[in-house]
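Chain A is the first sequence line, chain B the second, and so forth, proteins listed ahead of strands; every chain is numbered from 1.
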2 protein chains.
Amino acid sequence: MSKTAAAIASGDKPDPTDKGQAIVDAAARVFLEQGYGASSMDAIAAEAGVSKQTVYSHFGAKEALFEAIIQGKCRELMPPDSLKWSAGQDHEKTLRLFAHGFLMTILAAPSTALFRVVVAESVRFPELAAVFYRAGPATACDYLAGYLDKLHQAGTLSAPEPKESARQFFALLRGDLYFRRLLNLTSPPKSPEVEAVVGKAVSAFLAAHAPE
Amino acid sequence: MSKTAAAIASGDKPDPTDKGQAIVDAAARVFLEQGYGASSMDAIAAEAGVSKQTVYSHFGAKEALFEAIIQGKCRELMPPDSLKWSAGQDHEKTLRLFAHGFLMTILAAPSTALFRVVVAESVRFPELAAVFYRAGPATACDYLAGYLDKLHQAGTLSAPEPKESARQFFALLRGDLYFRRLLNLTSPPKSPEVEAVVGKAVSAFLAAHAPE
DNA sequence: GTCTATAAAAGGATAGAC
DNA sequence: GTCTATCCTTTTATAGAC
């Protein structure tokens with residue numbers, strides 16, 4: 001076994017001659033595109049350009065392969081914290097920028113594909129759902145809550161419970177556009193459409209968090 | 001074939017001696033619990049207490065059975081319109097009541113199970129996702145938008161775009177509690193927890209829609 | 001480690017008797 | 001309409017050669 005599940009999650013450089021990496025990439029494509037049940041080990045081996053036995057040499061079973069792939073993707077798709085507070089900056093613009101980046105990320109094909117699979121398999125693989133939640137939504141929530149707390153202390157807005165406010169902000173963002181996207185009723189939207197949703201969400205959020 | 005797909009969606013009385021009805025009930029349980037891929041025709045036949053051939057006599061193929069079941073459930077789980085406007089009533093209380101009923105419904109096990117399956121299969125069965133969206137979220141949105149429009153005309157609140165406001169209301173409701181529920185991280189919450197979410201959502205919504 | 005070949009089981013769908 | 005028995009394909013997983 002040239003690569004452990006832990007090594008996948010970390011940021012090892014991809015090596016095109018590494019069959020382990022080829023299997024990981026192929027399995028990610030197949031699982032995220034077709035879901036767990038509809039993905040066969042034959043299809044994964046073919047996609048990776050290796051024999052099925054090689055897949056079994058690296059990951060002993062289908063479940064183990066699935067868990068390794070999904071856990072890796074959960075962490076991979078989370079962008080770093082882009083919210084830096086500094087005195088006198090335009091906080092509304094900062095929120096808009098952050099919201100725009102967040103929405104573009106979760107509306108993109110890799111994120112929706114991952115979420116669909118995790119939700120679908122959350123009964124059979126409860127651990128994966130927990131990993132996803134911590135690596136994605138909960139982490140993003142922590143980022144924003146920290147920023148909102150600074151704004152609250154500076155008196156820019158009223159957010160005595162920053163965690164709760166952050167959750168509400170994300171709820172507003174994850175509105176009808178995201179809902180329809182999850183159901184595969186729309187393609188990934190372009191930046192202007194996202195901009196419109198962000199504008200309404202930020203306005204409503206600030207109205208509900210006006211100081212005093 | 002004793003029952004067509006259309007008959008399932010309508011409100012025919014269940015007949016315990018009707019094998020067609022037994023198949024429908026069994027298939028609903030199996031599909032919603034295990035998803036499409038993991039559900040076998042053998043398992044459905046066994047759950048219904050009939051032979052596999054009987055299942056095939058009623059529904060020619062697995063896909064047809066799945067579509068009939070999901071379409072039926074999409075309509076079955078939608079509650080009727082409970083929003084009646086009348087002059088001088090407490091609109092905030094009405095909104096709270098409506099929101100509470102809506103949240104309790106979508107957090108309950110049958111709704112989350114249905115949504116998980118529809119999302120998971122939205123790539124393979126785009127039609128089902130569209131049916132779900134129209135029968136569920138879109139219909140609820142129409143109900144609320146009609147009510148908000150009356151409030152707007154009465155000057156109780158400012159909602160010049162009632163459809164858009166309704167979507168925002170549902171986005172606030174479908175917050176972190178619903179998100180964690182979808183990922184199977186929590187059990188269906190009790191009424192008080194739902195009450196707390198409703199309170200915060202309604203407050204934020206009204207703050208963002210204050211008249212003038 | 002990697003491949004070809006093969007077991008062993010499960011699943012979708014059908015035939016034929018009643 | 002319903003059941004039992006069966007066909008054929010797919011799928012997970014393993015044996016054994018190189």
Side-chain angles (χ1 to χ4, degrees), chain A residues 1-5 7-8 12 14-70 117 120-121 124-125, chain B residues 1-5 7-8 12 14-70 117 120-121 124-125:
Chain A
M1 192 182 287
S2 68
K3 235 175 226 288
T4 65
I8 296 161
D12 288 14
D15 176 1
T17 68
D18 184 352
K19 307 221 173 191
Q21 187 63 41
I23 293 171
V24 168
D25 293 344
R29 280 194 296 276
V30 175
F31 276 133
L32 292 188
E33 201 170 293
Q34 317 216 9
Y36 179 77
S39 300
S40 75
M41 298 294 266
D42 283 288
I44 291 169
E47 176 85 15
V50 302
S51 79
K52 195 162 52 165
Q53 179 58 38
T54 301
V55 178
Y56 276 95
S57 296
H58 287 248
F59 306 87
K62 188 184 179 184
E63 287 203 1
L65 176 56
F66 182 67
E67 292 185 3
I69 298 304
I70 299 300
V117 173
E121 301 302 332
R124 204 195 308 226
F125 300 90
Chain B
M1 188 182 290
S2 68
K3 236 172 227 280
T4 64
I8 298 161
D12 287 14
D15 176 0
T17 68
D18 184 352
K19 304 222 173 190
Q21 188 62 41
I23 293 171
V24 169
D25 293 344
R29 279 194 296 275
V30 175
F31 276 134
L32 292 188
E33 201 170 294
Q34 317 216 9
Y36 179 76
S39 300
S40 74
M41 297 295 265
D42 283 288
I44 291 169
E47 175 85 13
V50 301
S51 79
K52 194 161 56 164
Q53 178 59 39
T54 301
V55 178
Y56 275 96
S57 296
H58 287 247
F59 307 87
K62 187 183 179 183
E63 288 203 1
L65 177 57
F66 181 67
E67 292 185 3
I69 298 303
I70 299 299
V117 173
E121 301 302 332
R124 204 196 307 226
F125 300 91

Testing D:dA15, C:dA13, D:dT4 for proximity to the side chain of A:Q53, the answer is D:dA15
Find the distance between CG (B:D42) and CD (B:E47) and round it off to the nearest 0.5 Å. 13.0 Å
Using 0.5 Å steps for rounding, measure from the OH atom of A:Y56 to the CD1 atom of A:I23. 12.0 Å
What nucleotide, of D:dC3, D:dG16, C:dA13, holds the atom closest to the side chain of B:K19? D:dC3
Looking at DNA chain D, which of residues 32-52 of chain B put a heavy atom within less than 4.0 Å of it? B:V50, B:S51
Could you list the donor-acceptor pairs under 3.5 angstrom formed by side chains in residues 32-40 of chain B, with sequence neighbours left out?
residue, atom, partner, partner atom, Å
B:S39, OG, B:V30, O, 3.3
B:S39, OG, B:G35, O, 2.5
B:S40, OG, B:A43, N, 3.0

In whole Å, I'd like the distance from the NZ atom of A:K62 to the P atom of C:dA10. 15 Å
Gap between atom NZ of A:K62 and atom CG of A:L65 - 0.5 Å precision: 9.5 Å
Report the distance from atom CD1 of B:I23 to atom P of D:dC3, rounded to the nearest whole Å. 9 Å
Can you measure from CZ (A:R124) to CD (A:E63) and round to the nearest 0.5 angstrom? 7.0 Å
Separation of atom CD in A:E63 from atom P in D:dT11, rounded to whole Å: 17 Å
Atom-to-atom span, CZ of A:F59 to C1' of D:dT12 - whole angstrom: 17 Å
Rounded distance [0.5 Å steps], OG1 in A:T54 versus CZ in A:F59: 12.0 Å
